[in-house]
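For reference, the structure is listed below as structure tokens.
Counting convention: from 1, in listed order, for ligands and their atoms alike. Heads up: numbering here begins at 1 and tracks the sequence. Just so you know, these numbers come straight off a predicted model, no measurement behind them.
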Amino acid sequence: MTSALTGTGLPDGVIAVTQRPTEQRSSQWYGGQDRNGYIHRAWMRRGVPSHAFDGRPQIAIANTASDLTPCNAHLNEVGRSVEQGVYEAGGIPLNLPVVSLGETNVRPTAMLWRNMAAMATEEMLRANPIDGVVLLGGCDKTIPALLMAAASVDLPAVVVPGGPMLNGTFRGVPLGCGTDVWRLSEEVRAGTLSEADFLRSESSMIRSRGHCNTMGTASTMGLLAEALGASLPGIAGTPAADSRLLEGAHATGRLAVEMVAEQRTPSTLFSRGSFRNAIVALAAIGGSTNAVVHLLAIAGRLGIELTLDDFDRIGSGVPLLVDLQPAGRFLMEDLHRAGGLHAVLHQVRDLLDPEALTVTGKPLVSHLGEDIDDVPIWDGEVIRTRAAPVLDDAGIAVLRGNLAPDGAVIKPAAASPHLLRHRGRALVFDSVEDLHARLDDPDLDVDADTVLVLRGCGPRGYPGMPEVANLPLPEKLLAQGVRDMVRICDGRMSGTAYGTVVLHVAPEAAAGGPLALVRTGDVIVLDVEARRLDVELTDEELAARQPSEATVAGFAAPSRGWERLYVETVGQANTGADLDFLVGSSGSQVARESH
Ligand code: FES
């Protein structure tokens, strides 16, 4: 019998929509027998059988694959494995390309667009007939943006971290993506490496698909997504080129269907304990300072109270167990080979929240095994035991003082120990452009004890809070063999960078912070042990000062578009630099019908 609806010859019984339970969110689109139900189904058919709309979970695959985000370009293949898992478990997978941010390409800085990517993803998840979502991210801002979106829309959501690239090598030694760019370029500036050799290393740095292979922001956020409980246990850190990533993606597709059935949404899974686990993991892996801003923003979306001081309080005393670049020797492929995140977390199991849940519905600690034989360390050089850590205390230190009333952070593990307590004369740069214009001036009045200050680089000032806090050292000091100096900035630092860098100073100069008032020649005192950052000026002396014209001229003043919205509504680093109207959750309620 020919179908009256399609004329395909298929029996009516095959294509008739006979059963449409209303309990799925997507059934509000597909479940009706009226004109609107017809429209929603008909436009999605295109070869899809009618039972696709019989109440099966509709699983979006929020996919940040893009040729312009090379670290995520392989995610279409990962997405296909997710699709197979979703189908196998009885769900319907739906590819949903979302805003993608390639760290090395996007100008002025990918961070300017993190909140936009989060907002766009949140709105598309809410606007579409979706019951759950698998989040495919990798490059620095993509996993944070996806998690922020999922938290605000509060649909069952699970992350597949895209994974790091394989180890690069140059002249027989490992080449850390990102980190060695800084190191080699400083060598060129210091005259110890020729420009030709520097350029020769270029094709060795990126050996395979995947994100940066140092413990930069992408590696950190991939691992922290799992520590938070947002990924399939055991998947984080799997190299992008490792076929086990596809196996994990397949299993994640299956898991997403299960999560919908049990309504495991972010608001039911995540707690302060989840963030405690992420902060412990952040310290134990020696992760990027950018994670501080991202975790604060994700917590803000969930309505979970998390402060800058929690990072210091929870992280202090947590040992550094991983010897990875930028501060150490190895790369992400080595970490995975040595046992991965679970081997690390097992060592600090007692510091984790025993009840914090994961996407499996079970606590994180339940996935770590009871004894060491469950999660052995296969290479004790890469992952250290608790008894013999790389450092006893790897936490991120939060500084306060008259230069940073709302806080600033420093990563002591990436700093030079002899500079953690330092008093020096300030050399102030009003903007990135000012820095570039003067830094290598042979007449620059600077020595190894000088404290370099760069301002106008906070969320509002630049805008987007670029990764410039690890400002390069003056050429003449490099030539003298100086390799680190105290640097202070209201911007961020690449997770692949290192040095004695005080960053995320809040309030930023453009938001009225005292950093705007410092002058070249003022004396600055850094005391990491005492958690202090001060300029030797009285309150009265500071109050009597005004920012100079050059300082104010460096602040961004966009007239239109996203940049204007961003500058007018972005919060400070100490609260996650989210837009004020995006903090919190609106849930997944279905918008009104328009036809
Ligand atoms: Fe994409 Fe480093 S540039 S992770």
Taking only residues two or more places apart in sequence, or in another chain, which ones meet Thr360 in a side-chain hydrogen bond (donor to acceptor under 3.5 Å, both in side chains)?
Thr358, His367
One thing to verify: whether [Y] and [X] come together as a salt bridge, which I'm taking to mean a side-chain N less than 4.0 angstrom from a carboxylate O.
X      : Y      : result
Asp323 : Arg329 : yes
Arg455 : Glu508 : no
Asp197 : Arg171 : yes

Heavy atoms only: give me the nearest Pro161-Ala236 pair and the separation to one decimal.
CG-CA, 4.1 Å
Taking atom 1 (Fe) of ligand 1 as the centre, how many protein N/O/S atoms fall inside a distance shorter than 2.8 Å?
2
Side chains of Arg276 and Leu352, heavy atoms from C-beta outward: is any pair under 4.5 Å?
no
